[in-house]
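Worksheet: the structure to be examined is printed underneath.
Just so you know, these numbers use all the heavy atoms, side chains as well, and skip hydrogens, waters and symmetry mates. Note that the structure is predicted; figures quoted are calculated from it, not measured.
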Amino acid sequence: MKPPSYLALVSYCESFLKCHGDNHLGVGWTRGRETADRRYKVMLEVIRGSSAQVSLLDFGCGASHLLEYVHRHDLRNIDYSGLDLSEQFLELSKAKFPQTRYYQLDVLREPEGLPEFDYVLLNGVFNSKCLLSFEDMFAYFRAVLTAVFPKVRVGLAFNAMSKLVDWEREDLFHLPFEPLARFLEESLSRDFVIRHDYGLYEYTTYVYR
């Protein structure tokens, strides 16, 4: 059986790890740790309230750099779990954080295997489309969020590349606001926030119950 086309994204991400190792370049962030940390901060600001304990799934966790950010900033209210399709990234994450819960799961094939969480973060999962067409990537984007949102108790966050740029890279997923908003309203929730305020060529969206 031919593997689903979206699995090419996994191999694409693993190529960065092979070339660069366990750092921001190894997970595909090309502009330095400071910009990666800015993404983690914005992603975590989906959490409403500041002190209550919350369960959080880092969907597409890669090398668990989000968890490293949580530890550096002493965010003790976050009960972190990670999920990835890549065995290479999961082996690396488990070696660094052996007490952390990790899932190797394809939610499009086994949605019933995903537990519920207060929050799910999909950081960088939809930024690159590799060799997929825009239509195939948009279909994958909709399918993943449709499968994940029923497992979310409070909210989820994801990012995608902005259309408000001087030029677009063919391998990146530049998602217009209008089809995004229409999909969210029709399929997930009318309660969403689009953030384009943190100085990168992307935006982050929060979707709440």
Side-chain angles (χ1 to χ4, degrees), residues 3-44 46-47 54-111 113-115 117-132 137 140-141 144 147-148 151 156-161 171-173 200 202 204:
S5 58
Y6 59 82
L7 294 183
L9 298 171
V10 178
S11 299
Y12 180 72
C13 293
E14 289 176 340
S15 70
F16 292 120
L17 180 65
K18 182 177 180 179
C19 288
H20 303 289
D22 184 10
N23 54 50
H24 65 277
L25 293 172
V27 294
W29 299 129
T30 60
R31 298 185 64 195
R33 176 172 153 175
E34 185 275 331
T35 57
D37 281 357
R38 199 182 313 173
R39 290 184 177 97
Y40 303 141
K41 180 178 184 293
V42 170
M43 280 277 156
L44 290 169
V46 68
I47 298 174
V54 297
S55 59
L56 182 148
L57 177 67
D58 185 7
F59 186 107
C61 62
S64 296
H65 292 165
L66 176 64
L67 181 54
E68 293 178 6
Y69 179 92
V70 167
H71 287 172
R72 287 200 309 272
H73 292 267
D74 199 26
L75 303 177
R76 300 184 183 184
N77 62 313
I78 293 175
D79 179 15
Y80 175 100
S81 298
L83 178 149
D84 211 291
L85 277 173
S86 168
E87 186 172 348
Q88 292 180 30
F89 274 112
L90 285 178
E91 287 180 356
L92 173 60
S93 288
K94 289 176 181 178
K96 293 196 295 184
F97 303 106
Q99 304 305 315
T100 297
R101 291 179 300 274
Y102 287 101
Y103 302 88
Q104 186 173 14
L105 176 70
D106 185 341
V107 296
L108 299 187
R109 291 177 161 179
E110 303 174 83
L114 184 65
F117 297 88
D118 295 322
Y119 293 92
V120 176
L121 276 56
L122 303 96
N123 181 32
V125 173
F126 305 123
N127 290 52
S128 175
K129 63 182 181 65
C130 195
L131 298 178
L132 299 184
M137 186 65 193
Y140 172 64
F141 165 86
V144 169
V148 169
K151 306 296 187 175
L156 65 78
F158 60 86
N159 46 18
M161 300 306 296
D171 61 326
L172 300 182
F173 183 48
L200 301 181
E202 64 180 53
T204 294

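Of the possible polar contacts, one joining the D84 side chain to the G62 backbone as a donor-acceptor pair under 3.5 Å is found. Here the side chain of K129 pairs no donor or acceptor atom with the backbone of M137 at under 3.5 angstrom. A donor-acceptor pair under 3.5 Å links the side-chain atoms of Q104 to the main chain of L85, judged by distance alone. Without hydrogens or angle criteria, S64 side chain to L67 main chain gives no donor-acceptor distance under 3.5 Å.
For H65 and Y69, the gap between ring centers reaches or exceeds 6.0 Å. Aromatic rings of F141 and F158 (six-membered ring for Trp) have centroids within the 6.0 Å cut-off, being under it. Taking the centre of each ring, Y80 and H71 stay at or above the 6.0 Å mark.
L92 CG to C61 SG: the interatomic distance, rounded to the nearest 0.5 Å, is 9.5 Å. Remark: M161 CE to L172 CG distance equals 5.0 Å, nearest 0.5 Å. Going from atom CZ of R39 over to atom CD of E34 covers 10.0 Å, rounded to the nearest 0.5 Å. With rounding to the nearest 0.5 Å, the separation of CG in L56 from OG in S81 is 8.0 Å. Atom CD in E202 sits 13.5 Å away from atom CZ in F173 (nearest 0.5 Å).
For S55, the side-chain hydrogen bond (donor to acceptor under 3.5 Å, both in side chains) partners are D118, R153, not counting sequence neighbours. Residues satisfying the side-chain hydrogen bond (donor to acceptor under 3.5 Å, both in side chains) test with K96, not counting sequence neighbours, are D22, E68.
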(Q) For D58 and N123: C-alpha separation, side-chain torsions, deciding distance, then whether side chain to side chain donor-acceptor pair (under 3.5 Å) applies. (A) CA-CA 8 Å; D58 185 7; N123 181 32; over 6 Å; no
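Contact detail for K151 and P111: the closest heavy-atom pair is CE-O, 3.3 Å. Of all non-hydrogen atoms in V107 and A147, the two that sit nearest each other are O-CB, 4.0 Å. Closest non-hydrogen pair, T100 versus Y102, comes out as O-CD1, 3.4 Å.
Counting only heavy atoms from C-beta outward, the side chains of L83 and L90 never approach each other to under 4.5 Å. When side chains are defined from C-beta on, V46 does not count as touching T204, because their heavy atoms never get closer than 4.5 Å. Within the 4.5 Å cutoff, the side chain of L66 has heavy atoms near those of the L44 side chain. Counting only heavy atoms from C-beta outward, the side chains of L156 and F59 never approach each other to under 4.5 Å.
Looking at R76 and D74, a side-chain N of the basic residue comes within less than 4.0 Å of a carboxylate O on the acidic one, giving a salt bridge. The residues D37 and K41 are annotated as not salt-bridged, no charged nitrogen and carboxylate oxygen being separated by less than 4.0 angstrom.
Across L122, L114, D79, a single residue satisfies side chain to side chain contact (heavy atoms under 4.5 Å, CB included) together with L57, and that is L114.
At most 12 heavy atoms of other shown residues, nucleotides or ligands fall within 6.0 angstrom of atom CG in L131.
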